[in-house]
Amino acid sequence: MHSPAIDISGLSVSSGGKPVAGPVSFTVDRGETALLYGASGSGKTTLLRALMGFAEETQGSISFMGSRVEARSVWHIRQGLLSYVPQEVDLGPGTVRDSVMRPFSYRANRGLAWDEARAANLMDGLMLRRDIMEKSARRLSGGEKHRVALAVAVMLGRPVMLLDEITSGLDRRSKLGVLDLISSLVGVTVLAASHDDLFRERAERVIEIA
Amino acid sequence: MREMIDISYSSLALGYLLLIAPLALVLIYRVPVARGLAVSVLRMTLQLLFVGLYLQVVFDMDRWWLTGLWLMAMVAAADLSVLRESGLRAGRLWAPAFLAIFLGTLLPLGYFVRIVLRAPEFMAPQYVIPIGGMIMGNCLRAVIIGAGRFYRSIEESRSHYEYSLACGASLREATAPHMSRAMHEALSPTIATMMTIGLVSLPGMMTGILMAGASPAEAIKYQIAIMISILTGTVLTVVLGIELTRRRAFTPFGVLRQDTLR
């Protein structure tokens, strides 16, 4: 029996000693698409950041594919198991091409080859214009940044994907492009924070956050 | 070598009379710095009197440990200054910053005194204290700019920094662009100084040696050697200052601690 892809137990996040999110406990099975659903301000983004190891004060336990997130394991988990599209995407300086190619220069991703044709296909599927690759990454709209970051996350080929409000601000056609891409990912576990009804309809499981 | 003219105390008192002109002009134009100007002259006099007396004792005793103690005091003062001026919190970072300034200054200083100058003893106070002070002063300025810029740059682009980590970057890879920017800013003043040295004004050390009676040929050799030492010390201190504080400024998860910057 495999351990779940995501196993959260009693996770809560504090800031300056004051609780800001949680406690929550849930599991997500391998290959499942789960939606973290809750009103704005319910702590969805905070919890996803905590799963990435970006929150300074956390209590409880977080495991991915049976590996517990700790100071010593977090780098291995981030570099081998997770991809993440944050709510506020900053793709960094340079063109979109620079941004999408940058992760492939990291030591942890050396085994991954940059595939120009695949990148172009993904951009097409996400309703992004072909010439976007030569545009300044910081001048893209929020929705475009999200979709570019999603394309990068897919190309990194990690088994667990954490997505934060990936469809916010998108028109219906672009939303469907994003959701179709997520549905097409075989064997990838997706945990998405969203309050989008279309996403809710497509999710295999909804985890309500109070 | 010509003898240096000693300024007598009565002549120095005459020198203070020159202050009448700037003070009068400041008062006439109602510039609100008259008090500050007077205090600064007083402080400058008292501080230099104290340093002069102390150095006289250090020079006369000529003990390696006393010279070493003076150097350590300079490093400690520089350390506190770095943490205060760069906006970093002192608590966790004072020890690595101290080590960075200590090593960054001591290595080029030792090379200058022993290899270039071939001084009979490393801790000769008449060389170690003024040259150490010159190297350290420049290292201090550079590390204040460099360390401050490094951490502020990460703080300002926290979203991109975290996105880099999320895409698989190691701590070194995610901080590399910030290191490059910080180094560039920290080294720019030293590089600019070297570009124009001698064209606009004669550097302080060269001026001092010339006034002490040395020939210009002797003076430029000292100046070239000190500039090379300063450049080396500057690069070393900035790199060490960032590398040594980095371990304590980030959580083991790679997140810049919120209490790193004030």
Side-chain angles (χ1 to χ4, degrees), chain A residues 15-16 48-58 62 69-94 98-112 137-138 145 148-149 152-153 155-158 161-164, chain B residues 87-93 96 146 149-188 242-262:
Chain A
S15 178
L48 282 189
R49 292 188 73 249
L51 297 197
M52 289 301 297
F54 294 153
E56 271 198 53
E57 301 168 41
T58 59
I62 306 163
V69 176
E70 288 168 338
R72 289 179 69 182
S73 63
V74 70
W75 297 92
H76 168 73
I77 290 171
R78 267 190 215 136
Q79 291 168 348
L81 300 180
L82 300 181
S83 55
Y84 170 58
V85 178
Q87 189 176 29
E88 297 289 332
V89 179
D90 182 351
L91 296 167
D98 296 333
S99 298
V100 296
M101 291 183 76
R102 196 173 291 125
F104 292 85
S105 68
Y106 300 150
R107 195 181 174 85
N109 300 328
R110 280 210 183 136
L112 302 170
R138 286 199 161 133
K145 285 180 189 171
V148 169
V152 172
M155 284 191 286
L156 289 175
R158 313 274 204 250
M161 200 178 271
L162 306 177
L163 310 173
D164 197 353
Chain B
L88 301 177
R89 277 193 197 269
R92 224 179 298 112
L93 303 179
R149 186 68 221 147
F150 177 73
Y151 291 111
R152 221 169 295 284
S153 167
I154 294 171
E155 179 62 38
E156 283 163 7
S157 53
R158 195 178 269 268
S159 303
H160 177 60
Y161 169 72
E162 289 183 354
Y163 179 65
S164 304
L165 295 182
C167 287
S170 63
L171 183 62
R172 187 167 293 280
E173 286 167 329
T175 55
H178 306 281
M179 180 76 167
S180 162
R181 200 169 305 145
M183 290 277 292
H184 183 255
E185 273 191 40
L187 300 183
S188 292
I242 294 172
E243 291 286 351
L244 297 176
T245 54
R246 178 154 56 182
R247 191 164 283 275
R248 293 188 176 194
F250 291 89
T251 67
F253 293 78
V255 177
L256 181 64
R257 290 183 195 276
Q258 284 183 347
D259 60 358
T260 298
L261 289 159
R262 278 199 301 269

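In what follows, chains are A, B, ... by sequence order, proteins preceding strands, each numbered from 1.
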For B:S180, the side-chain contact (heavy atoms from CB on, under 4.5 Å) test, sequence neighbours excluded, returns none

A:R102 (side chain) donor-acceptor with B:S164 (main chain) under 3.5 angstrom = no

Do other residues, nucleotides or ligands put more than 12 heavy atoms under 6.0 Å from B:R247 CZ?
-> no

Measuring from A:W75:CH2 to B:S170:OG, what's the distance to the nearest 0.5 Å?
-> 7.0 Å

Note: vs chain B, highest number of non-hydrogen pairs under 4.5 angstrom among A:S105, A:S83, A:A149 is A:A149

What is the minimum heavy-atom distance between B:A169 and A:Q79, and which atoms define it?
-> O-NE2, 3.7 Å

Nearest non-hydrogen partners of B:C167 and A:V152, listed with the distance = SG-CG1, 4.3 Å

Could you go through residues 85-92 of chain A and list every donor-acceptor pair under 3.5 Å that involves a side-chain atom there, pairing it with any protein atom two or more places apart or in another chain?
residue : atom : partner : partner atom : Å
A:Q87   : OE1  : A:T45   : OG1          : 3.1
A:D90   : OD1  : A:G92   : N            : 2.9
A:D90   : OD1  : A:R138  : NE           : 3.1
A:D90   : OD1  : A:R138  : NH2          : 3.3
A:D90   : OD2  : A:R138  : NH2          : 3.4

Can you say whether A:S99 sits under 4.5 Å from chain B via the side chain, the backbone, both, or neither, judging by heavy atoms?
-> neither

Part of A:L82 lying under 4.5 Å from any heavy atom of chain B | backbone

Under 4.5 Å heavy-atom distance to chain A, tell me which part of B:T251 shows up: side chain, backbone, both or neither.
-> side chain

Out of curiosity, B:F253 CZ to A:E70 CD, how far, rounded to the nearest 0.5 Å?
-> 7.5 Å

Trace of the side-chain contact (heavy atoms from CB on, under 4.5 Å) decision for B:R158 with A:F54 | CA-CA 11 Å; B:R158 195 178 269 268; A:F54 294 153; over 6 Å; no

Spacing of CG belonging to B:L165 relative to OH belonging to A:Y84, to within rounding of 0.5 Å = 11.0 Å

Quick one: do B:E162 and A:R49 satisfy side-chain contact (heavy atoms from CB on, under 4.5 Å)? Show the steps, please.
-> CA-CA 9 Å; B:E162 289 183 354; A:R49 292 188 73 249; 2.5 Å; yes

